[in-house]
Trainee: 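I am attaching a structure below and will ask some questions about it afterwards.
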Amino acid sequence: MGQLFALVVVVVAVIVLAKLVRIVPQGYEWTVERFGRYTRTLTPGLHFLMPFIYGIGRKMNMMEQVLDVPSQDVITKDNAVVRVDGVVFYQVLDAAKAAYEVANLEQAALALVMTNIRTVLGSMDLDESLSQRDAINAKLLTVVDEATHPWGVKVNRIEIKDIAPPRDLVDSMARQMKAEREKRANILEAEGFRQAAVLKADGEKQSAILAAEGKKEAAFREAEARIRLAEAEAQATKLVSDAIANGNINALNYFVANKYVEALKEMANSPNQKMLLLPMEATGILGSLAGIAELAKESLGQQQGDTRRVPPPVR
């Protein structure tokens with residue numbers, strides 16, 4: 001009997017000691033209840049509690065936690081059905097509020113996130129929901145963090161992991177993207193052709209301008225050469241005329257012979273002539289020149305006679 005009593009005393013002592021000494025691990029906070037009513041919160045470390053009067057209520061994890069959001073179908077503003085999932089990073093800041101303000105913290109936070117995902121995506125078009133993921137995350141974070149603040153919870157980040165449209169819609173988007181790329185390629189090709197045509201026309205224009213400038217310069221040079229040639233011929237004719245007037249018949253013979261030879265040269269170089277036969281002799285040419293010289297002598301003699309018949313001036 002005495003041994004049994006001693007055993008009971010030892011067991012009761014162990015239970016009382018276990019109820020008296022409490023060690024809270026790092027990263028956790030425990031709530032303390034007195035007869036079922038919350039009194040205080042135990043931080044990490046060694047604590048002593050009065051057995052059978054005070055007890056541990058909830059053991060809250062104060063570290064940042066990750067909550068997976070399961071996939072759900074969401075209808076966008078333009079009636080496109082997409083499948084969306086995500087992930088939530090949250091942290092408990094107030095153990096008492098997280099323990100007693102909400103029955104099931106994880107389930108409540110999950111329901112809140114899924115509901116707001118449907119709300120945010122339902123106000124956006126499909127193109128916006130696929131291209132503005134950062135904006136979606138920011139809206140969700142603002143709404144969910146504000147809603148969970150009374151629970152003593154801080155939502156740090158909400159990330160949409162995947163937004164998957166239906167297969168037929170993906171195929172349509174792929175065809176649209178292909179058509180858009182072909183359109184851009186055709187536009188670039190047409191722009192290239194247009195630039196090439198513009199450059200070619202500009203080059204032809206510059207070439208025509210340069211050719212016209214060249215023709216203008218050539219015509220100017222040719223006209224100047226003709227003027228110089230005419231002036232030379234006029235000077236030569238004047239010199240011959242002066243020589244004839246002074247009685248030099250050989251100058252006239254040289255002038256006539258030179259023109260005669262040039263005329264024969266032009267006849268020989270004519271493209272319409274395949275063969276040129278001239279039944280003439282050098283004596284005939286000299287005879288013609290002699291006849292021309294005689295005419296010049298007679299003209300010169302008449303001028304001298306007229307000069308002699310002029311009476312001298314009366315003094």
Side-chain angles (χ1 to χ4, degrees), residues 11-74 82-123 129 132-164:
V11 171
V12 171
V14 171
I15 294 174
V16 170
L17 183 62
K19 293 289 185 179
L20 176 64
V21 179
R22 297 299 176 97
I23 299 176
V24 180
Q26 183 65 39
Y28 287 83
E29 288 186 0
W30 294 357
T31 62
V32 178
E33 299 177 353
R34 185 177 60 182
F35 301 115
R37 181 182 179 86
Y38 169 77
T39 57
R40 68 181 188 273
T41 301
L42 301 181
T43 58
L46 179 63
H47 299 274
F48 297 95
L49 294 179
M50 183 66 67
F52 307 108
I53 298 177
Y54 294 94
I56 299 300
R58 304 288 179 87
K59 298 179 180 180
M60 303 303 300
N61 187 346
M62 306 302 292
M63 296 178 289
E64 186 172 9
Q65 303 178 61
V66 180
L67 182 63
D68 287 328
V69 180
S71 299
Q72 60 175 335
D73 292 332
V74 178
V82 294
R83 194 161 188 83
V84 185
D85 59 0
V87 62
V88 180
F89 297 87
Y90 72 96
Q91 184 177 10
V92 176
L93 300 181
D94 192 329
K97 290 183 178 180
Y100 301 108
E101 295 293 335
V102 59
N104 191 327
L105 179 60
E106 292 186 0
Q107 184 178 358
L110 184 61
L112 186 62
V113 172
M114 295 180 66
T115 303
N116 283 278
I117 286 177
R118 289 194 295 268
T119 302
V120 173
L121 290 180
S123 63
S129 62
Q132 299 182 8
R133 189 168 298 187
D134 292 338
I136 296 173
N137 295 335
K139 290 181 180 179
L140 288 174
L141 179 61
T142 301
V143 175
V144 175
D145 184 53
E146 183 179 358
T148 56
H149 181 72
W151 302 342
V153 176
K154 173 64 178 177
V155 179
N156 296 322
R157 296 189 66 180
I158 297 179
E159 295 290 340
I160 298 296
K161 292 194 298 184
D162 190 20
I163 300 177

Trainee: For Glu29 versus Ala95, what's the shortest heavy-atom pair and its separation?
Mentor: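 Heavy atoms of Glu29 and Ala95 come nearest at OE1-CB, 3.5 Å.
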
Trainee: Are there over 12 heavy-atom neighbours, none belonging to Met63, within less than 6.0 Å of that residue's CE?
Mentor: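 Counting other residues, nucleotides and ligands, CE of Met63 exceeds 12 neighbours.
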
Trainee: Indicate yes or no for a side-chain donor-acceptor contact from Thr31 to the backbone of Ala96 under 3.5 Å, with no hydrogens or angles considered.
Mentor: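 No.
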
Trainee: Decide yes or no on side chain to side chain contact (heavy atoms under 4.5 Å, CB included) for Val21 and Leu46, but give the supporting numbers first.
Mentor: CA-CA 7 Å; Val21 179; Leu46 179 63; 3.4 Å; yes

Trainee: Between Val74 and Gln72, is any pair of side-chain heavy atoms under 4.5 Å apart?
Mentor: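 In contact.
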
Trainee: Which heavy-atom pair separates Glu101 from Pro150 by the least distance, and what is that distance?
Mentor: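 Minimum heavy-atom separation between Glu101 and Pro150: CG-O, 3.8 Å.
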
Trainee: When rounded to the nearest 0.5 angstrom, what distance separates NE2 in His149 from CG in Asp94?
Mentor: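 Interatomic distance, His149 NE2 to Asp94 CG, rounded to 0.5 Å: 9.5 Å.
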
Trainee: For Glu64, does the CD atom sit with more than 12 other heavy atoms under 6.0 Å from it, leaving out its own atoms?
Mentor: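 Yes, the 6.0 Å shell around CD holds more than 12 heavy atoms from other groups.
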
Trainee: Please test Leu49 against Leu42 for side chain to side chain contact (heavy atoms under 4.5 Å, CB included), starting from the C-alpha separation and ending with a verdict.
Mentor: CA-CA 10 Å; Leu49 294 179; Leu42 301 181; 4.3 Å; yes

Trainee: Indicate yes or no: at least one non-hydrogen side-chain atom of Met114 is less than 4.5 angstrom from one of Val69.
Mentor: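 A side-chain contact exists here, since the closest heavy-atom pair is under 4.5 Å.
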
Trainee: Would you say that more than 12 heavy atoms from the other residues, nucleotides or ligands in this model lie under 6.0 Å from the CZ of Arg83, or not?
Mentor: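 Yes, enclosed.
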
Trainee: Any idea which heavy atoms bring Tyr28 and Met62 closest together, and the distance?
Mentor: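 Residues Tyr28 and Met62, closest heavy atoms: C-CG, 4.0 Å.
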
Trainee: Under the criterion side chain to side chain donor-acceptor pair (under 3.5 Å), which of Tyr54, Tyr100, Tyr38 is the partner of Glu33?
Mentor: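 That would be Tyr100; it is the only one of Tyr54, Tyr100, Tyr38 passing the side chain to side chain donor-acceptor pair (under 3.5 Å) with Glu33.
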
Trainee: For residues 133-153, which residue pairs pass the salt bridge (charged side-chain N to carboxylate O under 4.0 Å, His left out) check, not counting sequence neighbours?
Mentor: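 For residues 133-153: Asp145-Lys154.
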
Trainee: Is the count of non-hydrogen atoms from other residues, nucleotides or ligands lying under 6.0 Å from Lys59 atom NZ greater than 12?
Mentor: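 No, the 6.0 Å shell around NZ holds no more than 12 heavy atoms from other groups.
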
Trainee: Applying side chain to side chain contact (heavy atoms under 4.5 Å, CB included), run through Ile160 and Ile117 and close with a yes or a no.
Mentor: CA-CA 9 Å; Ile160 298 296; Ile117 286 177; 3.9 Å; yes

Trainee: Using side-chain hydrogen bond (donor to acceptor under 3.5 Å, both in side chains) as the criterion, list what pairs up with Asp162, not counting sequence neighbours.
Mentor: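 In terms of side-chain hydrogen bond (donor to acceptor under 3.5 Å, both in side chains), with neighbours along the sequence ignored, Asp162 is linked to no residue.
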
Trainee: So which heavy atom on Pro44 is nearest to which on Gly27, and how close?
Mentor: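 Heavy atoms of Pro44 and Gly27 come nearest at CG-N, 4.1 Å.
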
Trainee: Would the distance check show the side chain of Ser71 and the main-chain N or O of Asp85 forming a donor-acceptor pair, the cut-off being under 3.5 Å?
Mentor: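 Not a single qualifying donor-acceptor pair exists.
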
Trainee: Carefully, step by step, assess Arg34 and Ile53 under the rule side chain to side chain contact (heavy atoms under 4.5 Å, CB included).
Mentor: CA-CA 6 Å; Arg34 185 177 60 182; Ile53 298 177; 3.9 Å; yes

Trainee: Taking atom CG of Leu110 and atom OH of Tyr90, what is their separation to the nearest 0.5 Å?
Mentor: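 Rounded to the nearest 0.5 Å, the CG-OH separation comes to 10.0 Å.
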
Trainee: Ignoring hydrogens, what is the shortest heavy-atom contact between Trp151 and Ala108? Give both atom names and the distance.
Mentor: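 Result for this residue pair: CH2-CB, 3.6 Å.
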
Trainee: Does the side chain of Leu105 reach to within under 4.5 Å of the side chain of Val92, using non-hydrogen atoms?
Mentor: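 Contact flag for Leu105/Val92 side chains = yes.
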
Trainee: Does atom CD of Gln132 have more than 12 heavy-atom neighbours from other groups under 6.0 Å away?
Mentor: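 Check passes, neighbour count above 12.
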
Trainee: To the nearest 0.5 Å, what is the distance between CZ (Arg118) and CG (Asp73)?
Mentor: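 One gets 10.5 Å once the value is rounded to the nearest 0.5 Å.
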
Trainee: Please list, chain by chain and in numerical order, all residues satisfying side-chain hydrogen bond (donor to acceptor under 3.5 Å, both in side chains) with Arg40, sequence neighbours excluded.
Mentor: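 Partners of Arg40 under the side-chain hydrogen bond (donor to acceptor under 3.5 Å, both in side chains) test: none.
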
Trainee: List the atom of Val144, the atom of Asn116, and the distance in Å for their closest heavy-atom pair.
Mentor: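 Between these two residues, the closest heavy atoms are CG2-ND2, 4.1 Å.
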
Trainee: What's the spacing between Leu121 CG and Ile136 CD1 if we round to 0.5 Å?
Mentor: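 Output value for this atom pair is 4.5 Å.
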
Trainee: To the nearest 0.5 Å, what is the distance between OG1 on Thr41 and NZ on Lys97?
Mentor: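 Thr41 OG1 to Lys97 NZ: 11.5 Å, rounded to 0.5 Å.
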
Trainee: Between atom OG1 of Thr43 and atom CH2 of Trp30, what is the distance when rounded to the nearest 0.5 Å?
Mentor: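 So the OG1 of Thr43 and the CH2 of Trp30 are separated by 11.5 Å.
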
